[in-house]
Number of protein chains: 2
Amino acid sequence: MSSRDYLGEFEHIIVLALLRLEDRAYGVTVRQEIEIRTKREVSIGAVYATIDRLESKGYVKSHLGDPTPERGGRSKRFFRVTAKGVAAVNRTQRALVSMTQGLDLIRSYS
Amino acid sequence: MSSRDYLGEFEHIIVLALLRLEDRAYGVTVRQEIEIRTKREVSIGAVYATIDRLESKGYVKSHLGDPTPERGGRSKRFFRVTAKGVAAVNRTQRALVSMTQGLDLIRSYS
DNA sequence: AAAGATTTATTCTATATTGTATAGGTAATG
DNA sequence: CATTACCTATACAATATAGAATAAATCTTT
């Protein structure tokens, strides 16, 4: 396993967003989820570029949905995290947790 | 606050290592601490390059120690995290925590 | 005590990967 | 055909990473 098997900072955030959103994850909702939960501004291009990279690593799969009957309701590209992707988040989080153990930073991080 | 106020993945790990090591933090121990706790192989060049970047952002300060009376005991460059650096880790961790809330990944991450 | 070998440590340099924004394109409906 | 929601392309900046080169000590040997 190479060092590069750890998720980058933004990749990490994106994967977590996908996991939370489950079957509702597509470009717009991913961006929203991140902005709402972290207050961080995210450009839509950054979201897609990052997801594309995750997909090319096999951490994410995508499929095209059906168009929806609303103005501009073109079909969405839905994303889901693969088992390999879940393994990568776990690996990344495990490393952080092990480095954090015993430090008193913010409470919610055990 | 710009997006870039979040620590990168490896920057994050490095800062945590510095915090753990307190006044014993210098190149070699930082590398060791990370390798031991995360089982991740780290090149020494990566450590210094990253710390330099953190220093230029004001997240870390360094000072030169005295030589020690052992073979090859040239003086070490010791590092410590600044208040600004602590704020940055907290910001970074807070974002991750908020994205992780409610997901069941690894247990130790609350 | 000086030269060279050895050890611990840091710096330099080069490259790959990740992060980020913007502009432009596509497929729906009104 | 105007508008809306969504996606793609592209370019550039920042971060990650390795490896070789350099530096500053001590040790060994003569």
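Predicted, not measured: the structure shown is a model, and the values here were computed from it. Just so we're on the same page: letters track the sequence lines, and every chain starts at 1.
One atom, CD of A:Glu11, and another, P of C:dT20, lie 11 Å apart when rounded to the nearest Å. The interatomic distance linking B:Asp66 (CG) with C:dA9 (C1') rounds to 15 Å, in whole Å. Counting to the nearest Å, the P atom of D:dA14 and the CG atom of B:Leu7 are 16 Å from each other. Taking atom CD1 on B:Ile14 and atom P on D:dT15, their separation rounds to 13 Å, with Å as the unit. For B:Asp52 and D:dT15, the CG to C1' distance is 13 Å, given to the nearest whole Å. Per the geometry, CZ belonging to A:Arg40 stands 10 Å off C1' belonging to C:dT20, to the nearest Å. The distance between atom CZ of B:Arg31 and atom P of D:dT17, rounded to the nearest whole Å, is 13 Å. Rounded to a whole Å, the CD1 atom of B:Ile44 is 18 Å from the P atom of C:dT7.
Taking a cutoff of 4.0 Å between a charged side-chain nitrogen and a carboxylate oxygen, A:Glu33 and A:Arg24 do not qualify as a salt bridge. Look at B:Asp5 and A:Arg40 and you find no salt bridge, because none of the NZ, NE, NH1 or NH2 atoms lies under 4.0 Å from a carboxylate O.
Judged by distance alone, the side chains of B:Ser98 and A:Arg37 never bring a donor and an acceptor atom under 3.5 Å apart. A donor atom on one side chain and an acceptor atom on the other are found under 3.5 Å apart for B:Glu55 and B:Ser62.
Residue A:Arg74 places a side-chain atom within donor-acceptor reach of the base of C:dT26, judged by atom type and a 3.5 Å distance cut-off alone.
Comparing B:Gly45 and B:Lys57 by the nucleotide of DNA chain D that holds the closest heavy atom to each, the one mapping nearer the 5' end is B:Lys57. When each of A:Thr68 and A:Ala46 is assigned the nucleotide of DNA chain C bearing its nearest heavy atom, the one mapping closer to the 5' terminus is A:Ala46. Across the interface with DNA chain C, nearest-nucleotide mapping of B:Phe79 and A:Gly72 shows B:Phe79 to be the residue nearer the 5′ end.
With D:dA16, D:dT4, D:dT8 as the candidates, the nucleotide lying closest to the side chain of A:Arg77 is D:dT8. Closest to the side chain of B:Ala49, from the set D:dT17, C:dT29, D:dC6, is D:dT17. Of the listed nucleotides (D:dA18, C:dT6, C:dG19), C:dG19 has the atom at the smallest distance from the side chain of A:Thr50. In the set C:dT20, C:dT6, D:dA16, C:dT20 carries the atom at the smallest distance from any side-chain atom of A:Arg53. In the set C:dA28, C:dG19, D:dT17, the nucleotide with an atom closest to the side chain of B:Phe10 is D:dT17.
Between A:Val60 and A:Ile51, the shortest heavy-atom distance links the atoms CG1-CG2, 4.1 Å.
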Apply side-chain contact (heavy atoms from CB on, under 4.5 Å) to the pair A:Phe79 and A:Leu21, showing each step before the final yes or no. CA-CA 9 Å; A:Phe79 305 106; A:Leu21 289 164; over 6 Å; no

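In this structure, the side chain of A:Lys61 does not engage the main chain of A:Gly58 through any donor-acceptor pair within 3.5 Å.
For DNA chain D, the neighbouring residues in residues 22-29 of chain A, judged by any heavy atom under 4.0 Å, are A:Tyr26, A:Gly27, A:Val28.
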